[in-house]
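Values below: every heavy atom of this structure, side chains too, minus hydrogens, waters and symmetry copies. Bear in mind that the values here come from a model prediction, so they are computed numbers and not experimental data.
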Amino acid sequence: MSYSTADSLRPVTLDDVRGAQKMLTGVARVTAMESSRHLSQLVGSPVHLKCENLQRTGSFKLRGAYVRIAGLLPEERAAGVVAASAGNHAQGVALASSLLGVHATVFMPRGAPLPKISATREYGAEVRLHGQVVDETLAAAQEYAAETGAVFIHPFDHPDIIAGQGTVGLEILDQCPEVGTIVVGIGGGGLAAGIAVAVKAVRPDVRIVGVQAEGAAAYPPSLAAGRPVTVANPATMADGIKVGRPGDVPFAIVEELVDEVRTVSEDQLSAALLLCLERAKMVVEPAGASPVAALLGEPGAFPGPVVAVLSGGNVDPVLLQRVLRHGMAAQGRYLAVRLRLTDRPGALATLLGVLSVADANVLDVGHVRTDPRLGLTEAEVELLLETKGPEHCVEVQQALREAGYTVID
């Protein structure tokens, strides 16, 4: 299954996806599909999670990368391959190349998370750090390809890549034959396009919904214009779908076969990631949680049964920590309060006792004693509390007032 440059815009067919599925037998896992009782209750129909976060290398990217590299001619394989990526595609290309005995050079931004750099090297690729943003890294990889003859492996803009990603759609049909809606994150569009090709050919009635982050949503304006357009300075925590321009090949498929493209906010992404972790026991990256974010945003908009594709789980621990805090704040799970109390021994202990009875967890305490607005024997205390949600926040504030404290707005 190899395409020349001349026919790189050739339509991807169901036969291509089925051929890719045969090629991936024994290479890519048939990932689990888990039901979510919480999301099912919210949506009002069964919701299942397609767990590509449990795929080898931690995302769906291995599928397309392997099919693309396996389809190269012998002389192309001998020249090696090159890719540019901040994470998931890098690891997919690295492992696929290693399995196929092809030398891979992967360019990554200097600021790429260290766990992703280490994993890419461990999968067998030569890693070169270049540039601060992916666009600079991409340019370096393409220049390397021109100089050395190595084959550039695009993350989404090639029929082989799309056919490989489409195998996710075939698995969904096998695992949930009655599916009504498939919700999938969109960056460049390779995964959504592949799923749409596979599913619509067999079940044209299934609704395919793509999801983009508001700060990196290139598809809505592109679909309105009827051609791929570039969004300047895309910004989102979901780096897996942080793409400024749709690929030409996937765009044509998405335009024809994907029923709708929605956008989600950063708060919704954070809340979705937190929900996946707490309720589904799934570690996912923000891009992987984007379909769940769409379900949270408008639960009634998705005819069931619904399959939400958790596309990846390669989240940097530092980012995970930040996103979880952000998600808890978005859900009203943090409460910041300021109040005044008498500056005497035991006053703080008494205050903490009130909070303990109210079942609020104290995360941070700050004292202010030098503000000229304070009385001679007063101190101001700033507290950051962990709560159980908005209703509990109100209960905690009421408990403080009933104990005689004045909560300062």
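Within the model, atoms NZ of Lys116 and CG of Asn88 stand 5.5 Å from one another, a figure rounded to the nearest 0.5 Å. Distance check: Ser97 OG to Arg68 CZ gives 11.0 Å after rounding to the nearest 0.5 Å. Rounded to the nearest 0.5 angstrom, Leu339 CG and Leu383 CG are separated by 5.5 Å. The distance from the CD atom of Glu285 to the CG atom of Leu310 is 10.0 Å, given to the nearest 0.5 Å.
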Fill in: Working for side chain to side chain contact (heavy atoms under 4.5 Å, CB included), residues Gln165 and Phe156
CA-CA 9 Å; Gln165 320 305 28; Phe156 49 81; over 6 Å; no
Discussion item. I'd like to know whether Glu126 forms a side-chain hydrogen bond (donor to acceptor under 3.5 Å, both in side chains) with His103, so could you lay out the CA-CA distance, the side-chain angles of the two residues, the decisive distance to 0.1 Å, and finally the verdict.
Written reply: CA-CA 8 Å; Glu126 175 188 347; His103 177 75; 3.3 Å; yes
Fill in: Derivation of the side chain to side chain contact (heavy atoms under 4.5 Å, CB included) call for Phe60 and Gln55
CA-CA 6 Å; Phe60 69 96; Gln55 183 57 261; 5.7 Å; no
Fill in: CA sep, side-chain torsions, deciding dist, call: Leu275, Leu39, side chain to side chain contact (heavy atoms under 4.5 Å, CB included)
CA-CA 9 Å; Leu275 184 146; Leu39 288 172; 4.2 Å; yes
Item to complete: In sequence, state the C-alpha distance, the side-chain angles, and the governing distance for Gln175 and Lys50, and then conclude on side-chain hydrogen bond (donor to acceptor under 3.5 Å, both in side chains).
Response: CA-CA 9 Å; Gln175 294 168 316; Lys50 177 59 172 168; 2.9 Å; yes
Discussion item. Before you tell me yes or no, could you show the steps for Asp267 and Ser270 under side-chain hydrogen bond (donor to acceptor under 3.5 Å, both in side chains), namely the whole-Å CA-CA distance, both residues' side-chain angles and the distance that decides it to 0.1 Å?
Written reply: CA-CA 5 Å; Asp267 283 351; Ser270 297; 5.4 Å; no
Worksheet item: Between Ile153 and His89, does a side chain to side chain contact (heavy atoms under 4.5 Å, CB included) hold up when you go through it step by step?
Response: CA-CA 9 Å; Ile153 306 299; His89 182 57; 3.9 Å; yes
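A donor-acceptor pair under 3.5 Å links the side-chain atoms of Asp16 to the main chain of Thr13, judged by distance alone.
Put simply, the side chain of Val307 does not reach to within 4.5 Å of the side chain of Val183, judged on heavy atoms. Within the 4.5 Å cutoff, the side chain of Val229 has no heavy atoms near those of the Arg245 side chain. Counting only heavy atoms from C-beta outward, the side chains of Leu99 and Arg56 approach each other to under 4.5 Å. Counting heavy atoms from C-beta outward, Ile241 and Ser290 have side chains that approach closer than 4.5 Å. Counting heavy atoms from C-beta outward, Thr236 and Glu214 have side chains that stay 4.5 Å or more apart. At least one side-chain heavy atom of Glu34 sits less than 4.5 Å from a side-chain heavy atom of Cys51. Residues Thr31 and Val168 are not in side-chain contact: their nearest non-hydrogen atoms beyond the backbone lie 4.5 Å or more apart. When side chains are defined from C-beta on, Thr120 does not count as touching Ile117, because their heavy atoms never get closer than 4.5 Å.
More than 12 non-hydrogen atoms from other residues, nucleotides or ligands lie less than 6.0 angstrom from CD of Glu178. Asp205 CG: more than 12 foreign heavy atoms inside a 6.0 Å radius.
A salt bridge links Arg63 with Glu52: at least one charged nitrogen is closer than 4.0 Å to a carboxylate oxygen. Between Arg333 and Glu278 a salt bridge is recorded (basic side-chain N to carboxylate O distance below 4.0 Å). For Asp359 and Lys388, the salt-bridge test passes: some basic side-chain N is under 4.0 Å from an acidic carboxylate O.
Smallest separation of non-hydrogen atoms from Leu295 and Leu42: O-CD2, 4.3 Å. Taking both residues in full, the closest heavy atoms of Pro286 and Val315 are given as CD-CG2, 4.3 Å, listed atom of the first, atom of the second, then distance. Closest heavy-atom contact between Gly312 and Asn53: C-CB, 3.6 Å. Closest approach of Ala83 to Ala141, counting heavy atoms only: O-CB, 4.0 Å. For the residue pair Met23 and Tyr66, the shortest heavy atom distance occurs at O-CE2, 3.8 Å. Heavy-atom minimum distance, Ala213 versus Glu266: CB-OE2, 4.2 Å.
Looking at residues two or more places apart in sequence or on another chain, you find a side chain to side chain donor-acceptor pair (under 3.5 Å) between Glu260 and Arg207, Arg262.
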